[in-house]
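Since we're looking at a predicted model, the values are computed, not measured. Computed from heavy atoms alone, side chains included, the values below leave out hydrogens, waters and symmetry copies. Naming convention: chains lettered A, B, ... in sequence-line order (proteins, then strands); numbering from 1 in each chain.
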Protein chains: 2
Amino acid sequence: MATTHVKEMKTLTEHLGKHQLKLTRQRELILGAFLRQEHITAEAMYHQLAKSDPHLGLATIYRTLNLFCDAGLAQARHFGSQTQYDNIAHKGHHDHLICTNCQKIVEFENEEIEQLQEDVARKNGFTITTHRLELYGLCSRCRH
Amino acid sequence: MATTHVKEMKTLTEHLGKHQLKLTRQRELILGAFLRQEHITAEAMYHQLAKSDPHLGLATIYRTLNLFCDAGLAQARHFGSQTQYDNIAHKGHHDHLICTNCQKIVEFENEEIEQLQEDVARKNGFTITTHRLELYGLCSRCRH
DNA sequence: TTGAAATTGATAAACCGTATCAATATCATA
DNA sequence: TATGATATTGATACGGTTTATCAATTTCAA
């Protein structure tokens, strides 16, 4: 973790410093695990990290993932009854096409749409830091 | 209600007939209230209808809004920790600009973006039934 | 090294939506 | 219109997800 995610680690420590928060073993551990994924739920991470640290509590994972959201490293997305925490770095400019029948997810990128989003934001006096675009429907297989 | 929402009433009764379901006083009442809004939560409707019918149960409202989804009159959308039921008739109006500092939400609609979304979906063999577009950033007041 | 303050783990509680079930309302049929 | 099979309702228990609580522990500035 230490050598591969220097940038994200810096983003986190800067956020911590700015808000009088502390860097803990658990936060480092969770950050390392989080950055390895594109998106994950708190529950999934709980099971995944049980091997590394059997005493790591679920509440700590929720708290930490929410902290990552505050720090701008993660983004919470409510899907069904659960919350997915998206890795901002991995996400980049990928938007999603999601099949509501088989749950298949196709990533896409569209520069024209991004541009129009900027236009909309500017017209309303907003400065965009991130966005989320999800198209729900049926994939070709499930339509039949 | 009776005279203004004839079309939606027909859609509902057709769905009811097709599935051996019955038209009840509660379903009529909830339909009338629902069609007056662009989107609403079950909880909000519960309080809103308490005046018209103090004994109307929350479970009935959930059941009925889900029924409207099945009938194609409504669409459920997970927003924050709650479920918003969108009025299909008003569809296309539920994209959002969200200020990450003050939580202000501005709704917008952009026909060009919608069109491009259709293009992307078609290229990937998808048929879109709904979508979610949220732009996160700072509003003009919070940027300063 | 010290100690004020933040964090943790365990778990209780809150929250949202669904399941259950006896009582009631609907509506096709006679 | 009256009947009765069946769908619906309201009240509430329940289940899953996330947050709040709090004593014990850890962090880190001085």
Exercise for the section: Strictly below 4.0 Å, heavy-atom distances to any atom of DNA chain C: list the hits from residues 42-54 of chain A, or just say none. Expected result: none
Without decimals, in angstroms, what is the distance between [X] [atom1] and [N] [atom2]?
{"X": "Q82(B)", "N": "dT18(D)", "atom1": "CD", "atom2": "C1'", "answer": "14 Å"}
{"X": "E28(B)", "N": "dT8(D)", "atom1": "CD", "atom2": "P", "answer": "14 Å"}
{"X": "I30(A)", "N": "dG9(C)", "atom1": "CD1", "atom2": "C1'", "answer": "12 Å"}
{"X": "R77(A)", "N": "dT17(D)", "atom1": "CZ", "atom2": "C1'", "answer": "16 Å"}
{"X": "L16(A)", "N": "dT8(C)", "atom1": "CG", "atom2": "P", "answer": "10 Å"}
{"X": "I61(A)", "N": "dT7(C)", "atom1": "CD1", "atom2": "P", "answer": "17 Å"}
{"X": "R27(A)", "N": "dG9(C)", "atom1": "CZ", "atom2": "C1'", "answer": "14 Å"}
{"X": "H15(B)", "N": "dT8(D)", "atom1": "NE2", "atom2": "P", "answer": "10 Å"}

Can you confirm whether [X] is buried at [atom1], in the sense that more than 12 heavy atoms of other residues, nucleotides or ligands lie under 6.0 Å from that atom?
{"X": "Q48(B)", "atom1": "CD", "value": "yes"}
{"X": "H55(A)", "atom1": "NE2", "value": "no"}
{"X": "E112(A)", "atom1": "CD", "value": "no"}

Problem - Centroid-centroid distance, F34(B) to F68(B), less than 6.0 Å - result: yes
Practice task
Evaluate the criterion side-chain hydrogen bond (donor to acceptor under 3.5 Å, both in side chains) for residue pair T60(B) and Q26(B); output intermediate values, then yes/no.
Solution key: CA-CA 8 Å; T60(B) 298; Q26(B) 290 87 340; over 6 Å; no
[Y] backbone acceptor or donor facing [X] side chain under 3.5 Å:
{"X": "T129(A)", "Y": "Y136(B)", "value": "yes"}
{"X": "N124(A)", "Y": "V120(A)", "value": "yes"}
{"X": "E118(B)", "Y": "E114(B)", "value": "no"}

Completion exercise
Result for 5'-nearest mapping on DNA chain C, choosing between Q20(A) and T41(B), is Q20(A)
Polar atom pairs between nucleotides 21-28 of chain C and protein, under 3.5 Å, N or O only, would you list them?
| from | atom 1 | to | atom 2 | distance (Å) |
| --- | --- | --- | --- | --- |
| dT26(C) | O3' | L23(B) | O | 3.4 |
| dT26(C) | O2 | K22(B) | NZ | 2.6 |
| dC27(C) | OP1 | L23(B) | N | 2.9 |
| dC27(C) | OP1 | L23(B) | O | 3.4 |

Handout entry: T13(B): partners by side chain to side chain contact (heavy atoms under 4.5 Å, CB included), with sequence neighbours left out
Key = M9(B), L23(B)
Practice task
For L58(B), report the nucleic acid contact type (base, sugar-phosphate, nothing); a contact means any heavy atom under 4.0 Å.
Solution key: nothing
Exercise for the section: Please work out if T83(B) contacts a base, only the sugar-phosphate, or nothing of the nucleic acid, heavy-atom cut-off 4.0 Å. Expected result: sugar-phosphate
Practice task
Can you sort out which residues in residues 66-76 of chain B have a heavy atom within less than 4.0 Å of DNA chain D? Ascending by number, please.
Solution key: none
Exercise for the section: Tell me, please, which residues at least two apart from Y46(B) pass side chain to side chain donor-acceptor pair (under 3.5 Å). Expected result: none
Problem - Pairwise distance OG1(T41(B)) to NE2(H47(B)) - rounded to 0.5 angstrom - result: 9.5 Å
Exercise for the section: Take R143(A) and S140(A), measure what side-chain hydrogen bond (donor to acceptor under 3.5 Å, both in side chains) needs, and give me the verdict at the end. Expected result: CA-CA 5 Å; R143(A) 192 164 56 250; S140(A) 52; 5.7 Å; no
Handout entry: L133(A) side chain near F108(A) side chain, heavy-atom distance below 4.5 Å
Key = yes
Exercise for the section: Could you tell me whether R132(A) and D86(A) make a salt bridge, using a distance below 4.0 angstrom between a side-chain N and a carboxylate O? Expected result: no
Write down the protein N/O and nucleotide N/O pairs, taken from nucleotides 23-25 of chain D, whose separation is under 3.5 Å; answer none if there are no such pairs.
none

Practice task
Return no unless some side-chain N or O of Y62(A) is found under 4.0 Å from OP1 or OP2 of dT19(D).
Solution key: no
